[in-house]
Amino acid sequence: DENNGLELQAGYYSLRQIKAATRNFHATNKLGEGGFGPVHKGVLSDGTLIAVKQLSSKSSQGNREFVNEIGMISALQHPNLVKLFGCCIEGNQLLLVYEYMENNSLANALFSSESDRLNLDWQTRRKICLDIAQGLSYLHEESTLKIVHRDIKATNVLLDKDLNAKISDFGLARLSGDDESHISTRIAGTIGYMAPEYALRGYLTDKADVYSFGVVMLEIISGMSNATCIVEDDSVYLLEWAYVLQKQGNLLELVDKSLGTNCSEEEALQMLNLALDCTNPSPSLRPTMSAVVSILDCQNSKQV
Ligand code: ACK
């Protein structure tokens, strides 16, 4: 039934297949630590590259998030969401199998040490913003399930070989339901990316994702991580600094210096102001993700 959004579209893998693909979770195939546990790279017998997420801690919370992720992502299909190929539940192993994203996370591309960092030009950065916005707009408005991701941040955006951006990590995603809002009893997300009304009062709507998206946009434009942004010996969140610069009329100071003349000041200002609109303290004054898509789409097509 096509309208049954919860139908499992993903496949099933045996532990034997996964062990063969990852050379028994060999250390050299380890991509990193995810929210649940380690993530390994693998190659299936037909040559398809995969990323395997393993649930290591056996906490009930971890289990819940893991099962939540399977349920959510298997019902979702969009070019800007990381594709779940399938899962493996065998013995005490819980594994999720994803398409492999050659260029790892956006955080890695922007903030890692010199050798690992990618040189992303302005056009690519703008396209990455548009990709994330399209993925979120789908989650909020177009998917059969209306979903709030709740943990949008640069580490949860992955880049494929052509630098297309896709949203990953649906462990904390929630159905936004029919009513406008929902008061959460357990606040989960990442400090520095969480919308104030959600962090302080548990008030959760899709506008919480819009806020996190605004923070990620600032990171993309500045090449600085929100969590570790250091300004003049003080540790200040990138977002706070952006508001100070906006007041002083110096917002352009935020633009990554390595971009040089690669972007026009007018366009950079438009993007920076859009990012700050997304982080408006009042959720109702933030744009919807589909409005953000229209604005970015328009800029993107002017250039190409
Ligand atoms: O920034 P990274 O190198 O990219 O480190 C994290 C790590 O695993 C823990 O999440 C990487 N990762 C996660 N999912 C994938 C995937 N589908 N393809 C490639 N790398 C992935 C992520």
Side-chain angles (χ1 to χ4, degrees), residues 9-11 13 17-18 21-23 25-44 46-57 61-62 65-66 68-70 72-74 76-88 93-120 124-125 128 131-132 135 139 149-173 188-190 192-193 212 215-216 219-220 223-228:
Q9 287 157 6
Y13 296 87
Q17 268 177 303
I18 302 297
T22 59
R23 291 194 297 135
F25 304 102
H26 199 272
T28 53
N29 282 336
K30 190 168 163 179
L31 292 166
E33 282 294 327
F36 306 118
V39 183
H40 285 86
K41 181 182 177 175
V43 54
L44 296 174
D46 68 357
T48 310
L49 292 174
I50 55 172
V52 181
K53 261 197 202 181
Q54 218 169 347
L55 178 68
S56 58
S57 78
Q61 179 56 31
E65 286 181 17
F66 202 84
N68 186 46
E69 169 131 3
I70 299 178
M72 288 283 177
I73 201 176
S74 62
L76 302 170
Q77 293 271 3
H78 189 272
N80 298 113
L81 304 184
V82 172
K83 197 171 153 68
L84 180 74
F85 286 156
C87 64
C88 168
Q93 289 275 16
L94 275 176
L95 306 164
L96 290 176
V97 180
Y98 293 88
E99 65 175 316
Y100 179 65
M101 299 288 284
E102 279 82 352
N103 278 302
N104 305 88
S105 74
L106 175 63
N108 197 62
L110 289 172
F111 316 134
S112 64
S113 61
E114 224 55 62
S115 56
D116 277 356
R117 203 175 311 162
L118 299 182
N119 239 326
L120 303 174
T124 307
R125 293 189 202 212
I128 290 171
D131 285 345
I132 306 168
L139 285 182
H149 184 283
R150 289 211 298 178
D151 203 15
I152 293 297
K153 54 180 172 179
T155 42
N156 284 343
V157 173
L158 302 178
L159 302 171
D160 73 7
K161 62 178 188 323
D162 302 317
L163 297 175
N164 295 305
K166 305 189 186 198
I167 298 169
S168 78
D169 234 312
F170 288 78
L172 294 179
T190 303
Y193 291 86
S212 312
V215 179
V216 173
E219 294 184 316
I220 293 171
M224 279 184 284
S225 156
N226 184 55
T228 58

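Counting convention: from 1, in listed order, for ligands and their atoms alike.
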Listing, residues 108-116 side-chain donor-acceptor contacts under 3.5 Å, not counting sequence neighbours, or none:
from: Ser112; atom 1: OG; to: Asn108; atom 2: O; distance (Å): 2.6
from: Ser112; atom 1: OG; to: Arg117; atom 2: N; distance (Å): 3.3

Atom pairs and distances, donor-acceptor, side-chain atoms in residues 159-168, under 3.5 Å, two or more places apart:
from: Asp160; atom 1: OD1; to: Asp162; atom 2: N; distance (Å): 2.9
from: Asp160; atom 1: OD1; to: Leu163; atom 2: N; distance (Å): 3.1
from: Asp160; atom 1: OD1; to: Asn164; atom 2: N; distance (Å): 2.8
from: Asp160; atom 1: OD1; to: Asn164; atom 2: ND2; distance (Å): 3.4
from: Asp160; atom 1: OD2; to: Asn164; atom 2: ND2; distance (Å): 3.0
from: Asn164; atom 1: OD1; to: Lys127; atom 2: NZ; distance (Å): 3.0
from: Lys166; atom 1: NZ; to: Glu99; atom 2: OE1; distance (Å): 3.3
from: Lys166; atom 1: NZ; to: Glu99; atom 2: OE2; distance (Å): 3.2
from: Ser168; atom 1: OG; to: Asn156; atom 2: O; distance (Å): 3.4

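Side chain of Gln54 to backbone of Gly37: no donor-acceptor contact under 3.5 angstrom is found.
Pocket lining of ligand 1, defined as residues with a non-hydrogen atom under 4.0 Å away: Leu31, Gly32, Glu33, Gly34, Val39, Ala51, Tyr98, Glu99, Tyr100, Met101, Asn104, Ser105, Asn108, Leu158.
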Could you walk me through whether Val216 and Leu106 satisfy the side-chain contact (heavy atoms from CB on, under 4.5 Å) test, starting with their C-alpha distance in whole Å, then the side-chain angles of each, then the deciding distance to 0.1 Å, before giving a yes or no?
CA-CA 10 Å; Val216 173; Leu106 175 63; 4.0 Å; yes

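In this structure, Thr22 has no side chain to side chain donor-acceptor pair (under 3.5 Å) partners at least two apart in sequence or on a different chain.
Using a 4.0 Å cut-off between charged side-chain N and carboxylate O, Asp169 and Lys153 make no salt bridge.
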